[in-house]
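Okay, structure first, notes after.
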Amino acid sequence: MAETPGVDLSDPIPICPQTARSRVRWEDSLWTTCPSPTTGSFPNRCSATYICPTMQLVSKLFGRTLREAPNDAEMDCHIWLSRGGLIRRLASGLYAVQPLGQRAIRKIEALIRQEMEAIDGQEMSLPLVQPSELWEKSGRYQLIGSELVRFKDRSQHPMVLAMTHEEAVTQVASEELSSHRQLPFMLWQFQLKFRDEPRARGGLIRVREFTMKDAYSFHKDQDCLDEYYQRAYDAYVRIFRRCGIEPVIVQSDTGIMGGKVAHEFMLQSPMGEDNLILCPETGYSANAEIAVFAREGIPGEALPTESVPTPSKSSIEDVTKLLGIEAKNTLKMVMYGAEIGPKPEFVAVAIRGDLDVSETKVKNALKARVLFAATDDMIREAGLVPGYASPVGMKSGILMVDLSVPVSANLVAGGNEAGMHVRNVNFGRDFTCTGRFTEPVDVAQAAEGLLEIGGTHRLKAVRGIEIGNIFKLGTKFSEALGCTFQADDKSIKPAVMGCYGIGVGRLLASVVENSHDKDGIIWPKEIAPFQVHIVALGREPEILEDCVALAKELESAGFDCLLDDRDERPGVKFKDSDLWGIPVRLALGGKSREQGCFEWKLRSGGAMELFPKGEILDRLKAFYQD
RNA sequence: CGGGAUGUAGCUCAACUGGUAGAGUACCUGCUUUGGGAGCAGGUGGUUGCACGUUCAAAUCGUGUCAUCCCGACCA
């Protein structure tokens with residue numbers, strides 16, 4: 001084999017254990033000073049004074065900072081990622097991640113990789129583009145709407161862009177799996193997903209194309225899954241804590257993933273899209289769409305019904321005003337069309353007026369694919385009058401009665417006649433459960449101030465950004481795709497599965513949302529794109545040389561350094577430094593240099609301190625060892 | 001998919017009742033300045049989202065369309 005000239009293969013390029021970056025040794029590196037071609041001296045604005053391949057020079061950093069945020073940035077994380085030059089929008093829900101941002105992404109990925117390996121995960125890679133058949137087999141091809149991008153390849157074969165990878169991983173696993181001896185195992189990847197979201201928002205918080213860490217575990221039985229699920233849960237807590245986030249963990253809906261148990265990891269934030277229901281006293285926590293709570297009844301003897309005219313007063317608000325009662329003394333009907341079987345069915349939910357319907361609960365109780373608001377025609381067809389509907393006199397369709405109704409006496413309900421309501425409607429006497437649901441069901445949305453299920457404490461409601469989720473999938477996918485094994489009793493069984501996801505870009509944005517101030521990002525130690533920001537102040541070559549010497553020393557010890565070598569005024573450099581939020585800032589100016597010291601300042605706060613340059617490395621080690 | 005708003009320079013925004021494009025910032029050149037987004041001078045950069053229409057004349061008026069953002073709906 002021909003020798004590559006100039007490369008000594010016996011002396012491989014060392015790899016930094018901390019950053020996983022290969023580094024060229026200093027002795028071999030290109031290290032030049034370059035005077036201005038026009039003046040021959042060090043020019044005012046020289047972007048190529050020093051060239052050094054092993055540290056990042058700000059003069060060479062791709063991506064600039066912005067004085068003002070783009071006007072479409074609403075959330076803080078969007079503002080700071082944009083202003084810092086870490087991301088740039090290409091189209092709705094599609095972002096370019098620039099080098100500084102990509103370095104933070106790589107730090108997050110490295111951290112996640114460690115934790116996945118710690119729970120025996122094996123990293124792999126599955127394709128983004130998949131044949132539609134795979135999704136038809138699992139049933140999700142029909143179930144999912146237009147978020148799933150479908151297209152045909154050149155030979156007219158129907159394909160999809162994967163929104164997630166349960167089908168693919170189960171297919172692959174089914175081809176490898178034959179014996180219970182192979183179980184359990186966990187496979188995971190960093191992989192693109194595409195979801196054609198109807199509404200992208202919040203910068204990287206809700207996008208259409210994104211990288212997700214998705215993990216899938218396979219087990220011989222439920223016990224084994226339960227045990228592993230807890231390990232994954234614990235690993236998730238560690239991941240988020242290392243990102244500086246104390247996650248709020250809630251029970252969640254399993255949606256079209258199937259399965260029974262699922263948890264979401266949330267960053268508590270008023271900007272979040274999910275409503276979370278918490279009970280600090282009992283420790284109960286759940287997403288509001290599935291949270292359970294106790295109904296406070298309205299006791300009383302059933303009084304005779306009485307019709308009252310309520311001309312053109314159909315809303316709960318109007319009726320309560322007119323009759324001088326509270327919302328909780330009313331009964332309202334919320335009507336839907338539900339796609340359960342081949343054709344849509346009419347569904348009416350009877351619920352007390354002070355509560356809202358949880359459409360998630362309705363959907364789950366009905367096992368419906370899609371729920372949509374009923375049209376007036378559908379309502380009339382069921383024998384009801386729009387605006388004045390009542391369960392009394394409903395002729396067809398599915399009636400669901402919420403748990404709040406039977407415990408409340410003498411409610412005001414619609415009269416099933418335009419302009420009429422009826423007082424003192426009572427469950428049991430005037431109407432009852434009929435048809436598919438023979439008993440009252442829980443279909444109300446939990447909210448702040450309602451009673452916790454035990455009936456003694458009040459619930460709290462907060463908002464959150466979902467940063468991770470874990471599901472006990474069960475055998476939905478393994479059965480659909482034939483992922484089976486032979487058990488020790490010789491029987492053939494489907495693998496019991498779990499899945500575990502984290503959106504990497506959303507986590508990055510959440511870290512910023514969770515950790516910033518009025519000047520910019522404050523990176524947690526493990527996520528910062530660089531560990532040290534060295535700022536050379538002043539134009540004397542000696543200052544820059546000292547900074548470079550320090551950067552060399554720190555880089556050799558495994559710290560990654562960003563060196564601001566620009567000929568800019570100090571104010572500009574400090575502003576950018578704050579914007580970028582690297583944990584340790586080491587500045588060197590004329591005065592500090594005379595004392596042989598660097599100015600040590602932590603982005604997270606605290607006073608500036610002067611340390612002799614010989615001490616810097618040890619202090620840095622101590623700081624990063626915490 | 002409903003409701004609202006907005007599209008003018010890389011970013012933030014002006015331009016009256018129609019008269020032919022402007023500032024700040026950013027960027028480039030030079031000089032001065034150098035500890036918290038400097039000053040002066042000169043300069044680059046726009047088919048005013050797109051199409052059609054009205055008009056002698058359209059950033060401006062009308063119609064359509066596309067895009068973006070916000071509130072809902074939706075969201076493994």
Side-chain angles (χ1 to χ4, degrees), chain A residues 36 38-39 43-45 47 63-75 78-79 82-83 85 88-94 135 138-140 143-148 160 162-167 193-203 205-208 210 212 214 216 252-259 262 264 271 273-274 287 289 336 359-360 363 369-373 466 468-471 473 476-477 499-503 506 519-520 535-540 543 566-579 585 587-593 599 601 608:
Chain A
S36 157
T38 48
T39 64
N44 259 353
R45 306 222 184 275
S47 58
R64 63 169 159 231
T65 55
L66 301 176
R67 257 177 212 254
E68 287 172 286
N71 90 36
D72 60 2
E74 289 260 315
M75 290 182 73
H78 190 185
I79 291 171
S82 300
R83 284 198 53 195
R88 185 177 284 270
R89 198 181 71 88
L90 237 118
S92 179
L94 300 171
W135 288 68
S138 71
R140 294 209 289 186
L143 212 54
I144 298 175
S146 45
E147 309 95 284
L148 180 65
V160 301
M163 303 169 61
T164 177
H165 284 75
E166 281 78 17
E167 282 82 358
K193 313 281 183 246
F194 192 92
R195 294 177 196 177
D196 201 353
E197 292 282 351
R199 192 178 154 200
R201 52 178 304 202
I205 291 291
R206 186 167 206 78
V207 291
R208 296 196 290 174
F210 57 98
M212 177 178 261
D214 47 329
Y216 308 90
S252 68
D253 183 39
T254 51
I256 69 170
M257 297 292 270
E264 288 168 341
M271 298 302 290
E273 301 178 274
D274 288 276
N287 196 310
E289 57 186 14
Y336 298 100
E359 294 187 3
T360 302
K363 221 162 138 181
R369 295 189 300 274
V370 180
L371 207 60
F372 58 92
E466 181 186 341
N469 56 28
I470 57 178
F471 290 85
L473 287 179
K476 175 186 160 103
F477 290 95
C499 77
Y500 319 88
I502 294 177
R506 184 185 282 190
D519 296 313
V535 180
L537 304 172
R539 54 204 292 222
E540 296 80 9
I543 289 176
R566 293 173 299 177
D567 184 12
E568 282 286 357
R569 298 166 62 86
V572 172
K573 296 187 176 188
F574 288 141
K575 285 288 181 194
D576 282 344
S577 176
D578 290 344
L579 217 38
R585 187 184 82 195
L588 185 67
K591 283 174 219 149
S592 44
R593 184 172 179 276
E599 301 165 23
K601 177 99 168 62
M608 186 263 276

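In what follows, chains are A, B, ... by sequence order, proteins preceding strands, each numbered from 1. Quick caveat: nothing in here was measured; it's all calculated off a predicted structure.
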A/E359 atom CD is separated from B/C74 atom P, nearest whole Å, by 5 Å
Taking the side chain of A/K575 as its heavy atoms from C-beta onward, which of B/C11, B/G36, B/C70 lies nearest to it? B/G36
With sugar-phosphate meaning primed atoms plus P, OP1 and OP2, does A/R585 contact a base, only sugar-phosphate, or nothing at under 4.0 Å between heavy atoms? base
Taking any heavy-atom pair under 4.0 Å as a contact, classify A/K363: base, sugar-phosphate, or nothing. sugar-phosphate
Which is more 5' along RNA chain B, the nucleotide nearest A/G93 or the one nearest A/L537? Just name the residue. A/L537
Side chain of A/R67, base of B/U12: donor and acceptor closer than 3.5 Å? no
Pair assignment for RNA chain B - dot-bracket with | for other-strand partners, Watson-Crick or G-U under 3.5 Å: (((((((..((((.....[..)))).((((((.....)))))).....(((((..]....))))))))))))....
Under 4.0 angstrom, heavy atoms only, what part of the nucleic acid is A/T65 near: base, sugar-phosphate, or nothing? base
Interatomic distance, A/L579 CG vs B/C11 P [rounded to whole Å]: 17 Å
Applying a 4.0 Å non-hydrogen cut-off, can you work out what A/P70 is touching in the nucleic acid: base, sugar-phosphate, or nothing? sugar-phosphate
Could you check whether A/T65 and A/D576, counting side-chain N and O atoms only, form a donor-acceptor pair closer than 3.5 Å? yes
Set of side chain to side chain donor-acceptor pair (under 3.5 Å) partners for A/D196, sequence neighbours left out: A/R208
What interatomic distance, in whole Å, is found between C1' of B/C52 and the corresponding atom of B/C13? 29 Å
Just how far, in rounded Å, is P of B/G37 from CG of A/D576? 12 Å
A/R89 atom CZ is separated from B/A67 atom P, nearest whole Å, by 12 Å
Atom CG of A/D72 and atom P of B/C69: how far apart are they, to the nearest Å? 6 Å
A/N71 has a side chain; which of B/U12, B/A73, B/G37 sits nearest to it? B/U12
Has the side chain of A/R506 got a donor or acceptor atom that lies under 3.5 Å from a matching backbone atom of A/E466? yes
Across all chains, not counting sequence neighbours, the side chain to side chain donor-acceptor pair (under 3.5 Å) partners of A/K601 are none
What is the nucleic acid contact for A/A69, judged by heavy atoms within less than 4.0 Å: base, sugar-phosphate only, or nothing? sugar-phosphate
Partners meeting side chain to side chain donor-acceptor pair (under 3.5 Å) with A/E264 (sequence neighbours left out): A/N287
What's the CG-P distance between A/D567 and B/A38, to the nearest Å? 13 Å
Please state the P separation for the pair B/A51 and B/U60 - nearest whole angstrom. 12 Å
Would you say the side chain of A/E540 lies within less than 4.5 Å of the side chain of A/R593, judging by non-hydrogen atoms? no
Taking the nucleotide of RNA chain B with the nearest heavy atom to each, does A/R208 or A/G589 sit closer to the 5' end? A/G589
Under a 4.0 Å threshold between the charged nitrogen and the carboxylate oxygen, would A/E166 count as salt-bridged to A/K476? no
Using a cut-off of 4.0 Å on non-hydrogen atoms, how would the nucleic acid contact of A/F210 be classed: base, sugar-phosphate, or nothing? base
Looking at B/C69, I'd like to know if its phosphate oxygens (OP1 or OP2) sit under 4.0 Å from a side-chain N or O belonging to A/S92. yes
Answer with base, sugar-phosphate or nothing: what part of the nucleic acid does A/S146 contact at a heavy-atom distance below 4.0 Å? nothing
By side chain to side chain donor-acceptor pair (under 3.5 Å), A/S138 pairs with (sequence neighbours left out) A/E167
Please give, in whole Å, the distance from B/G10 C1' to A/R88 CZ? 7 Å
Would you say the base of B/G35 and the side-chain of A/E599 have a donor-acceptor pair closer than 3.5 Å? yes
Those residues that, when tested against A/P198, pass side chain to side chain contact (heavy atoms under 4.5 Å, CB included) (two or more places apart): none
Atom pair distance, as rounded to whole Å: CE in A/M608 and C1' in B/G36: 12 Å
